[in-house]
Structure formats: C-alpha cells, structure tokens
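Structure first, then comments.
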Amino acid sequence: MEVSGPEDDPFLSQLHQVQCPVCQQMMPAAHINSHLDRCLLLNPAGHAEPAAGPPGPGERPKGLSPPRTKRRRLSESSALKQPATPTAAESSEGEGEEGDDGGETESRESYDAPPTPSGARLIPDFPVARSSSPARKGSGKRPAAAAAVAGSASPRSWDEAEAPEEEEAVGDGDADAEGEDDPGHWEAAAAAAAPAFGASGAVRGHSRALAAEEIRQMLEGKPLADKMRPDTLQDYIGQSRAVGQETLLRSLLETNVIPSLILWGPPGCGKTTLAHIIANNSKKHSIRFVTLSATNAKTNDVRDVIKQAQNEKSFFKRKTILFIDEIHRFNKSQQVNAALLSRCRVIVLEKLPVEAMVTILMRAINSLGIHILDSSHPTDPLSHSSNSSSEPSVFIEDKAVDTLAYLSDGDARTGLNGLQLAVLARLSSRKMLCKKSGQACSPSRVLITENDVKEGLQKSHILYDRAGEEHYNCISALHKSMRGSDPSASLYWLARMLEGGEDPLYVARRLVRFASEDIGLADPSALPQAVAAYQGCHFIGMPECEVLLAQCVVYFARAPKSIEVYSAYNNVKACLRNHQGPLPPVPLHLRNAPTRLMKDLGYGKGYKYNPMYSEPVDQEYLPEELRGVDFFKQRRC
Ligand SMILES: Nc1ncnc2c1ncn2[C@@H]1O[C@H](COP(=O)(O)OP(=O)(O)OP(=O)(O)O)[C@@H](O)[C@H]1O
C-alpha cells in the first residue's frame, strides 16, 4: 500500500521540498509531519521503501532527525515484543496478533469448568520436561499470554499512569535507571537473558533454556507478583463473572466508558490489577489516570485531584480517572459511606480458584524458563549428564505447582511470591554450596521440590503485608477469639501475626485496649497485665517477648468478660452526639468556687461534701435535663 502525499498537488509541489527519512519520498516541507505519522504507521520497523530516485547530496534536511529517533524507538520496541523463535506452542495458538483476545476466552472458559476431581492433575499443558527431552507442548489451555501491549509496555507504567505522553519512552531502554528494584532492570534482564518477557512483562516462550544464574538474577529485586502483573485483559485470569465476555464491565471497558466503580474482593484476587488494566486502557485514549492509596492519602489529596480533573475537563476536555487503592482504609469521616456506594457500581471479584492459580503460576514459571518435571515420568534431572547449554537447568515438580496453587488459597500474590522465594532460596543455596566447595557449578541442574515450595510459601507469609489487609484481619481474629474465650485460637492468631513479622508493641497496645473493652471490671487486674506485657515487650523485644504476649492473650481468653463500662461509656457518647442545641450547663452546686466573685455567683452553693455524711447523700450530679438518666441501663437520653 502506498502512502499518498501532497507531492501530487502541482501547487504544493512547487513549495520547498523535503525528503521523508522513512520512505525517501520528496514532498513539501509543510506536510512532512502528517506524512511521517502515516508513513511510520505503515513502516513501523522503519524499513525505507524504495525511493523514487536517490536523494541528491545535501537533500536531507537536518531538521528531520527527531522523527528518525522515533522510528528507531518504534523498531526497537517492536523487536522486544517479538519472540526470537516462536515455540510450537505459540505458533499453534496464533497468539501473535495484538489485541486479539481469542485466547482469553479460551483460558477463562477453562476456569468455569467443573472442579477437577481430586487427584486429577491441574497443570495445563505447559512445557513439561519429559524423561529425556524437555519438550514444549502446544495447547489451547495455555493462557493467552503472548499478546503485546503497544506503548504501555512496562511494569513501571503503573506508577507512570499519569503521564501518557511518556508512553513512548517506556519502550526506550535508555530511559530505565539501573538497579534491582527498578522494573526496567527486570525488563532488561529478562530481555537480555531470553525473550521471556515482553516489554509488558507478558509471557514469551523461550528460544533457549535459561541458566540457573540468569533465573536467579531475574528473580531478585521486586516481588514476582508485581513483575507478573498483567497489562491487558487478555492476560487477566479468571473473574469471568466480573469481566467475562458478556459482562457489562467488559463492554464498558471496550467502549472506554468507565463509571465510578468499587472493586471488592479478597486479597490477591486481582482488584489492583484490574485497575491497572483500566489505567493502561485509558492511557491509550488520552484519559488521565491518577492513583492514590487510602493508606497514606488525605482528604485534601483527593480534593486536589478532583480540582485538577475539573480544570483538565474544562480547559482541555480531558477526562480523569481517579483510582483509590485500599479505600476501606480511609478513616470514618473519609470512608465509603452509603452516599458514595449509591453512586458507584460495586464489582465483586472472587477468590481465584485453584485452576486459575495454576495458570497464573504456570505463566510465571514459563516466563522464567523453568521447566516442569512430570511426576508421571519420574527421572532425576540432576543426574542427567548432558552439558548442553540448550537444555533446561531449572526444574520444578508438577506436584509442587499444584501444592503452591492449592495452598495460596486464591491469593495470586501469595502464590507468585511463594514461588519466587522457593526458587531463589534453592538457587542461592546452590550458589553458596558451589562457592564453599570451590567447584564449578555450571552448567548444572536444580530441582524445585514440593518442600521448597512449602517453605517458600511459609516465608512469603512471613513477609505478610503489615500495613495491609492481613494485618487487620489477623488482629480482628485475635480480638474475637479472646472475646469468645478460646485460648487455643487466640494463640494461633497471635503466632500468625508475630511469625509474620508483626510489631509486638502493636499487638500489646491492642491487648491494653481489650483489657478494658472486653474484660473491664469483671477482672480489674487485666489492665495492669496488659500494660505490663506492653512494657515487657518494650524492654526485651522479639523473639523473647512473644511468650509475654502469649501469657497475656491466654489470661485474657480465660478471664471473665464484662462490657458494662464500655457500653455505658458508649451510651454517654451517643447522648452527647445526639444532643440538640447547646449542652446543658454544669449545675451550680457542682462547680468549684476558687474566687469570691464565683462564690457570689452561686458556684458550689448547696454542695454536700460526702465524707461529712454518715448516711448516703441525696444529691444530683447530672445536669437538670438529664435527671434520672442511667447510662448503664439506657442507650438514649
Ligand atoms: N486475575 C488475575 N490474573 C492474573 N494475575 C493476577 C490476577 N489477580 C492477581 N494477579 C497477580 O497477583 C498480584 C496481586 O494482585 P492484586 O494486587 O491485583 O491483588 P488485589 O486484589 O488488589 O489484592 P489486595 O486487596 O491485597 O491489594 C498481581 O500483581 C498479579 O501478578
């Protein structure tokens, strides 16, 4: 197809002529930019079409160098997105086309299938190391993972969602700072090691097996869950009820109409990821996407964003999407109240089923170039004597993947990070061993077993998010177990928090509160117990202080309970809050009268000093209008 240009216009052709650096055609200078836009689209790889005639010396104007840079970038990023050698699996699935979501439907449907009978293998047909040759099998069950996202092709794009104009730079390797925590580093490492990840982190097949050391380097730095976060709906696994083909949200997303949404669901099921996908999508349509997290944002931050959004709308007709993560962390006055709920569409995401978890894990395993060891053909890959560098060097037992998927309990973050820790631990210990023994360890084979995975999972739980959902869920479970007088469950939740790295002083502070809220005067020594436990933790720290907390927790679980004081105090608070008009004055007889003037005004007049009376004193202590109110008995006043 030819690029038409203004060169056909006899009048324009008389104006100053320049040469297109892509297709080499001559044209009036005034039209070079619009021509380049079309020309680059038609020649994204920057291959120059045969020019009508060779350019004369000095004919290429200097001012055209920027479009040249753009052309180079485009070709570089498209090169990144192409697997060097498509595997049989990929070519059989026809996943090469951008924006093709055919594979997605396919993978989603498999989650809606009835649960796999127990004992059945859950792993879809991914590359599996068979007895002698590590073959790759193509299969329709593989998630549609190879589709590349134009422009937004980097895990870091989430943080940069506000800057659509930087899209192009994302694909430009120069822009990435070096460093382990820098997603660009990951991307570069992945690209250098093998075409495992596309620029978007999307899965690619490997043209060669990765060495253990390469995999280790790829896994260092950011959590694997972050690195694997999908950019497109094609890579978004499961949740077909919320975003499946026939759903309202899907059609809204496709037409780029985004209503106010609340994404609701258990941890690690893909809420933030879905927002991330919406962000990527909106960037393509020049919609601003601003993110805040309720864990650190203030109401003023939200107001600022809204103000800015209004300006953008009125001055530039540009829409803004504000994404607030962890919205339930807003304090009471900021919180999602009924009014907000009634203006939002609530999208409920479900806990990911085991099958979806397997697919997510397999996507990561495949991306890392790790090979599945088929337990139905048990061979010891470590004893294999071949030194061929084309053979895979890191294996994982298929049952290890199943176990990981099962134990992650629908939380993809836990699963992916557990996998990362298992592989890293195994590879690092191998490296240490090699160092100690002074032996050359390459090429060698490493097997990740079910036990490694269990340990990895334990470690990933230990790194549980102390500021996140788990923190609040566990402390709530501890509180309720003690209230329910279950010492065993109380100890369980305590240990789960402490082993997970929770701050012991945080737990101790909650115990101080519990002592008064739930035990109160039923056992007045509970409060000093809690305060002592707090101080003890402060003195000796973890791990010694764990037993102090355990003692206190069991004491509290066994203690008699009383919420009498707590409830009565709440009644008083409610009374004050509900009071209409100015609060009643303090009765004169109860007022102190340190000065003569106050005495003259009647302060303290008629007050009966109780110790002077041997009999009970008949005296009013509440304001006149509350006379007779008993906050221990009644809620309202
Ligand atoms: N449906 C999904 N498809 C593919 N990957 C997923 C999906 N859900 C989660 N993941 C993976 O798990 C990681 C964590 O998911 P995400 O941050 O979206 O969880 P979340 O629901 O927001 O959890 P939380 O409530 O704890 O913040 C993602 O970075 C991604 O790698």
Side-chain angles (χ1 to χ4, degrees), residues 101 103-104 107-108 110-112 124 142-145 147 149 154-159 183 186 197 200-203 219 222-244 247 249-250 261-280 291-296 323-329 347-368 404-405 408-420 460-461 463-474 500:
D101 61 1
E104 181 199 7
S107 62
R108 287 237 167 78
S110 63
Y111 312 122
D112 292 333
R142 186 176 177 275
V149 187
S154 162
R156 71 180 181 165
S157 58
W158 181 227
D159 297 326
W186 161 261
F197 289 81
S200 66
V203 182
L219 279 174
K222 279 191 93 173
L224 183 60
D226 289 355
K227 292 168 182 171
M228 290 303 302
R229 196 189 289 286
D231 288 325
T232 61
L233 272 182
Q234 283 96 317
D235 290 343
Y236 191 67
I237 310 296
Q239 306 298 3
S240 52
R241 274 198 206 157
V243 285
T247 58
L249 183 58
R250 163 71 67 134
L261 296 174
I262 289 178
L263 302 175
W264 177 266
C269 70
K271 300 180 292 295
T272 310
T273 304
L274 186 55
H276 172 71
I277 290 169
I278 295 174
N280 275 338
T291 66
L292 292 176
S293 173
T295 49
N296 52 24
F323 170 61
I324 305 176
D325 206 359
E326 308 278 340
I327 196 165
H328 56 294
R329 294 279 156 256
I347 305 288
V348 179
L349 301 184
E350 289 158 358
K351 190 161 104 171
L352 290 164
V354 179
E355 293 83 355
M357 283 299 308
V358 169
T359 307
I360 290 172
L361 289 169
M362 288 306 300
R363 180 173 171 258
I365 288 167
N366 194 38
S367 310
L368 290 164
L404 191 52
S408 306
D409 195 24
D411 180 342
R413 185 189 296 108
T414 299
L416 288 168
N417 293 346
L419 173 71
Q420 178 179 24
S460 83
H461 275 96
L463 296 177
Y464 94 131
D465 182 7
R466 279 169 46 179
E469 191 70 17
E470 199 58 358
H471 165 88
Y472 293 98
N473 288 343
C474 284

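Whatever order the structure lists them in is the order used to number ligands and atoms, beginning at 1.
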Test Leu416 against every option in Ile360, Leu404, Asp411 by the side-chain contact (heavy atoms from CB on, under 4.5 Å) rule and name the one that passes.
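That would be Ile360; it is the only one of Ile360, Leu404, Asp411 passing the side-chain contact (heavy atoms from CB on, under 4.5 Å) with Leu416.
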Taking Asp235 as the fixed residue, which of Met228, Arg229, Arg363 is the one that meets the side-chain contact (heavy atoms from CB on, under 4.5 Å) rule?
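Testing each of Met228, Arg229, Arg363 against Asp235, the sole residue satisfying side-chain contact (heavy atoms from CB on, under 4.5 Å) is Arg363.
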Any non-hydrogen side-chain atom of Leu219 less than 4.5 Å from a side-chain atom of Leu224?
yes
[X]-ligand 1 polar pair, N/O distance under 3.5 Å:
X      : answer
Ala225 : yes
Thr272 : yes
Gly270 : yes
Pro230 : no

Quick check for you: to the nearest 0.5 Å, what is the distance between [X] atom [atom1] and [Y] atom [atom2]?
X      : Y      : atom1 : atom2 : value
Ile347 : Leu261 : CD1   : CG    : 5.5 Å
Leu361 : Asn366 : CG    : CG    : 12.5 Å
Lys271 : Leu349 : NZ    : CG    : 7.0 Å
Thr273 : Arg413 : OG1   : CZ    : 8.0 Å
Ser240 : Arg250 : OG    : CZ    : 10.0 Å

Output the list of atoms in ligand 1 that are nearer than 4.0 Å to some heavy atom of [X], sorted by atom number.
X      : value
Ala412 : 9 (C), 10 (N), 11 (C), 12 (O)
Cys269 : 1 (N), 8 (N), 19 (O), 21 (O)
Ile237 : 1 (N), 2 (C), 3 (N), 4 (C)
Lys271 : 18 (O), 20 (P), 21 (O), 22 (O), 23 (O), 24 (P), 25 (O)
Arg229 : 16 (P), 17 (O), 18 (O), 28 (C), 29 (O), 30 (C), 31 (O)
Pro267 : 23 (O), 25 (O), 26 (O)

Should the proximity of Leu416 to ligand 1, defined as any heavy atom under 4.0 Å, be assigned to the side chain, the backbone, both, or neither?
side chain
Residue portion contacting ligand 1 (non-hydrogen atoms closer than 4.0 Å) for Ile360
side chain
Check Met357 against Ser408 and note the closest heavy-atom contact, atom names and distance.
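Closest approach of Met357 to Ser408, heavy atoms only: CE-CB, 3.7 Å.
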4.0 Å heavy-atom contact, Gly265 with ligand 1:
no
